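Here is the structure we will look at, set down as structure tokens.
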Amino acid sequence: MLAELRKVNNELDSKRKSVKRAYSEPLKDFEAEVKDLQSNLTAVISPINDGLKELEEQHRLDRERGVELLISGMAKELDIDPNRVRIAPNWLNKSITQSKLKDEITATLTELKNADDLLKANKKQVTDYAKQKQVEPDGWIAQLEQGQELEYIFKAIDNVAAKHSVEAIKKTVAHESIPETPEIPQATANTESTKVEASQRSAVQSYTLKITGTIDQLFALKNYMVNNGLKFEKA
């Protein structure tokens with residue numbers, strides 16, 4: 001009984017393989033034919049596809065040149081360098097209308113124009129303020145062009161001006177005449193002379209000076225004297 005069942009099973013498997021071969025061989029032949037046809041089609045499609053890509057790129061470059069010409073003409077009216085305008089990606093889209101394109105370019109140019117006008121006005125303020133404080137303006141103008149804030153520059157100019165005032169006052173005070181040390185008899189020993197000179201230097205002395213300067217300079221002098229323990233009063 002078992003042997004007969006095994007025999008039937010083997011016959012079924014053999015039949016399956018026979019039928020499969022009958023169907024597989026035509027299928028393999030068909031697949032080979034299809035692959036051959038696909039290969040031929042690919043050989044035709046690839047050059048066409050490459051050509052379309054080149055054509056699309058050429059159209060994109062044409063649109064870009066058109067946008068550049070439009071920017072150049074519009075920028076010239078506002079006295080703006082067209083090279084400062086960065087072309088937005090959507091300006092090169094085939095779907096964008098000429099009206100929308102002009103509106104967006106106008107908005108960009110207006111921003112640049114406003115920035116230029118503000119920078120020009122700020123330059124004048126810095127130049128005038130620096131001259132008022134008797135400070136060279138060129139370095140501060142360069143910082144302004146690099147994006148430094150106006151308020152910071154004004155404070156920096158004030159600091160430089162105050163420093164210059166203090167230095168000028170120090171030089172003035174240093175060159176004022178100071179009473180000579182009383183003459184020491186020749187017989188006095190050098191050590192005694194040194195003691196007298198040291199005593200003269202450490203002694204509190206008063207001078208009446210007439211000082212002329214700007215309000216900023218006078219305030220700087222006052223601060224210098226206070227910081228160094230000098231007393232002063234109105235004459």
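What you see is a predicted model, and the numbers here were worked out from it, not measured in a lab. Numbering of residues begins at 1 and proceeds along the displayed sequence.
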Between [atom1] of [X] and [atom2] of [Y], what distance do you get to the nearest 0.5 Å?
X	Y	atom1	atom2	result
S99	D103	OG	CG	4.5 Å
E33	Q38	CD	CD	12.5 Å
L12	K17	CG	NZ	12.5 Å
I96	L101	CD1	CG	5.0 Å
M74	T110	CE	OG1	8.0 Å
E149	N122	CD	CG	11.0 Å

Just by distance, with hydrogens left out, do D62 and Q58 show a side-chain donor and acceptor under 3.5 Å apart?
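Looking only at side-chain atoms, Q58 and D62 do form a donor-acceptor pair, the distance falling under 3.5 Å.
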
Kindly work out whether a path of hydrophobic side-chain contacts (I/L/V/M/F/W/Y, heavy atoms less than 4.5 Å apart) joins [X] to [Y].
X	Y	result
I105	L78	yes
W140	L150	yes
I45	L37	no

With no hydrogens and no angle check, is any side-chain donor or acceptor of [X] less than 3.5 Å from a backbone partner on [Y]?
X	Y	value
S18	S14	no
T127	K123	yes
D81	N83	yes
D36	A32	no

Is any side-chain heavy atom of [Y] closer than 4.5 Å to one of [X]?
X	Y	value
L109	E77	no
I87	I71	yes
Q134	H164	no
W91	V85	yes
Q125	F154	yes
K94	E56	yes
R86	T108	no

Salt bridge check, [Y] against [X]: does any charged N sit closer than 4.0 Å to a carboxylate O?
X	Y	answer
E64	R60	yes
R16	D13	yes
E31	K35	no

Audit row: E104, K100, salt bridge (charged side-chain N to carboxylate O under 4.0 Å, His left out) steps and yes/no
CA-CA 6 Å; E104 293 195 13; K100 180 175 177 57; 3.0 Å; yes

Joining Ile, Leu, Val, Met, Phe, Trp and Tyr whenever any side-chain heavy atoms lie under 4.5 Å apart, the cluster holding L27 also takes in none

Please test K120 against D116 for salt bridge (charged side-chain N to carboxylate O under 4.0 Å, His left out), starting from the C-alpha separation and ending with a verdict.
CA-CA 6 Å; K120 183 178 180 180; D116 289 347; over 6 Å; no

For [X] and [Y], which heavy atoms make the closest approach, and how far apart are they?
X	Y	value
P82	S72	CB-CA, 3.9 Å
L119	L144	CD1-CG, 3.9 Å
K133	D158	CE-OD1, 3.3 Å

Begin from the C-alpha positions of E68 and R65 and carry the test salt bridge (charged side-chain N to carboxylate O under 4.0 Å, His left out) through to its verdict.
CA-CA 5 Å; E68 288 174 348; R65 281 192 288 269; over 6 Å; no

